[in-house]
2 protein chains.
Amino acid sequence: MAAAAAVSISTASKALNDTGRMGSETRERVKRIAAEIGYRPNALARGLLSKRSFTIGLLTNDTYGRFTLPVMAGISDALVDHGVSVFLCAIEDDPALAQIHVDAMLDKQVDGIIATGKRLDRRLPVDLSNLHVPVVYAFTEGTQNSVTFRSDDEQGARLAVEWLVKIGRRRIAHITGPEDFFSVRERAGAYHEVAGHREPVLYGVWSESWGHDAVEQLWKRSGEKPDALFCGNDQIARGAVDALRERGVKVPHDVSVIGFDNWEIVAAQTRPPLTTVDMELKELGRQAGLTVLALAEGRPVEPGVRKLPCRLIVRQSCGGEAPKE
Amino acid sequence: MAAAAAVSISTASKALNDTGRMGSETRERVKRIAAEIGYRPNALARGLLSKRSFTIGLLTNDTYGRFTLPVMAGISDALVDHGVSVFLCAIEDDPALAQIHVDAMLDKQVDGIIATGKRLDRRLPVDLSNLHVPVVYAFTEGTQNSVTFRSDDEQGARLAVEWLVKIGRRRIAHITGPEDFFSVRERAGAYHEVAGHREPVLYGVWSESWGHDAVEQLWKRSGEKPDALFCGNDQIARGAVDALRERGVKVPHDVSVIGFDNWEIVAAQTRPPLTTVDMELKELGRQAGLTVLALAEGRPVEPGVRKLPCRLIVRQSCGGEAPKE
DNA sequence: GTGATCTGAGAAAAGCTTTTACCAATCCTT
DNA sequence: AAGGATTGGTAAAAGCTTTTCTCAGATCAC
């Protein structure tokens, strides 16, 4: 303890926290000695008294980390300056495991919990609605009167389709995931709104092979072929690009392809690299982190769903403009 | 506090911890009431006394989470039963950020730290060698006298090449990453040992396009073509498979291709799905977690580097046998 | 010079749990 | 039936900070 090295005990605390009254030379001396011996206060003892642990929990059921990692990065980025550390708890859609993790976090007096997932329209398999710590939902369905952050998929889809229209495409098809996904319906809705109903929406699964198959279907039909594909995610887009290449259709010359997610490992490695919609998950995480912190500090936060805008990442799969990155 | 609801205060503690002596009916009653009111002891107070926070830190510089996530899953899996929670700290090769995270974790009295990275032969940009908490290294270079867990890349490579030999391939080429990676040299060494020196090793980068280019190079040469490709990772393998398809070379009929990493998103989505080497990172994380726990509890652990065996995941890109999964 | 005001610093309490020490009241032994 | 052992339970200390209270000495006013 710094007190031993220097002079007293409660004086040390006051000196280091710039609180209480004391001679400035005493304060300086204590600070100097504390720095010399590398004294750092025990956060457990501090937390015991202040009721603040400077710790939050991130609960996720996204095994692959596709969505969780960017969100986590944003949270950490926003909170590290405030001295907050983050418990990461991966629950595999297992209610019992989830409960264990939640209990462990509560025991450790987390200041708040952020729940995140891989789907906007599904809940985590654990009830967080009556905890005595604040809970913020990010990229997963929240409860009544909670704060929820999500991407604005409708706006993102509109961004994509408007871009295709802007670069002169007219026969835009939409190949996407399972229709029971809320975000699929939202994106499809925006697609219809902007592109009209000249081309069908092909619902399937979130895989490359579906993208591949969907292109086969489209090109086997008689009549004019699409001159653009708006795909529900980057994997589908990649499968579609591959199928087009195999058919000798040039991307982006003959057909523009646009994806969704900006999953670098898929989007950037596709040939040509995919123009795609980024859901700005890191920013989403940042805002979720700041919000849970605000709630933990008792600052008022209006409940409700906050939609964060998506951003179009222009690469080479659409043509029409030089890539920005 | 449960004491208020029941009878005393220290009695409650002893009742709940099955310690001390007391009437069995008193013990039961306290337990029952504690359960009824949902009492859970404050881990901060407990930790303050016991010097155990039941908390560890995971430090990583792997932004994509390709390696960190499986390791994290293994750690969490192994430690959740012991009531241990994990702080995840993503440091972006930024020494200052790393130090902030380490300090924050030490302040919070973590019982230990696991350092992990994306490369076996690189250190994290922060010195963890003289901390007063145990440190275990997993999939990153450790310090003298530390405990380090890593994959046995040599064994993994041998597994792959031996498999190719077993299914009758003889002209096996090796397309891999940058030669300055230790694991690249190890894998190439094992490749030479098993396959001899009949085909060249092509060093490049860790991307699909390099796999694609390497196949171009190989097939443009005069003379016999390889009948098998052992690739340094799944992305290279995927690029290679794509290039072969474009050339009309049948995989696996004409050429067997084998990858490394078992990165599901790449390996399983390739057509045909890739046979590949899995580094068992989850098991690696599990062992690292148990080891740091042992050290935290003062149990002796022999320092040194532990190589964990890799496992061959058989899919369709090699032929020769029905896939196991 | 004396009472009032300040100032600097230490003492003590609180926060929650576990552990050790302790004290009554039983129980046993002979 | 009395002394010792056992039992059931409480009181208190410790772990580390922060905060509030207190107090001795110095300063100031008149």
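Naming: A, B, ... by sequence-line order, numbering from 1 per chain.
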Considering only NZ, NE, NH1 and NH2 on the basic side and carboxylate oxygens on the acidic side, decide whether B/Asp180 and B/Arg119 come within less than 4.0 Å. yes
Is B/Arg29 salt-bridged to B/Glu25, cutoff N-O under 4.0 Å?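 No, this pair does not count.
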Base, sugar-phosphate, or nothing for A/Arg40, non-hydrogen atoms under 4.0 angstrom?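 Here A/Arg40 touches the backbone only, sparing every base.
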Could you check how far [atom1] of [X] sits from [atom2] of [N], rounded to whole Å?
X        : N      : atom1 : atom2 : result
A/Asp107 : C/dC16 : CG    : C1'   : 13 Å
A/Lys14  : C/dA11 : NZ    : P     : 11 Å
B/Asn42  : D/dG15 : CG    : C1'   : 13 Å
A/Gln109 : C/dT17 : CD    : C1'   : 12 Å
B/Leu16  : C/dT18 : CG    : P     : 8 Å

Walking DNA chain C from its 5' end, the first of B/Arg21 and B/Leu48 to be reached, judged by nearest nucleotide, is B/Leu48
In terms of the nearest nucleotide of DNA chain C, which residue is placed more toward the 5' end: B/Ala45 or B/Thr11? B/Ala45
Could you tell me whether the phosphate oxygens of C/dA12, OP1 or OP2, come under 4.0 Å of any side-chain nitrogen or oxygen in A/Ser10?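 The answer is no; no side-chain N or O of A/Ser10 sits under 4.0 Å from OP1 or OP2.
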Establish, with yes or no, whether the OP1 or OP2 oxygen of D/dC16 is under 4.0 angstrom from a side-chain nitrogen or oxygen of A/Tyr39. no
State which of D/dG8, D/dT19, D/dT18 makes the closest approach to the side chain of A/Leu49.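 The answer is D/dT18.
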Would you say the side-chain atoms of A/Lys307 and A/Ser151 include a donor-acceptor pair closer than 3.5 Å?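 No donor-acceptor contact under 3.5 Å links the two side chains.
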Under the 3.5 Å rule, do the base of C/dA9 and the side chain of A/Ser8 count as making a donor-acceptor pair? no
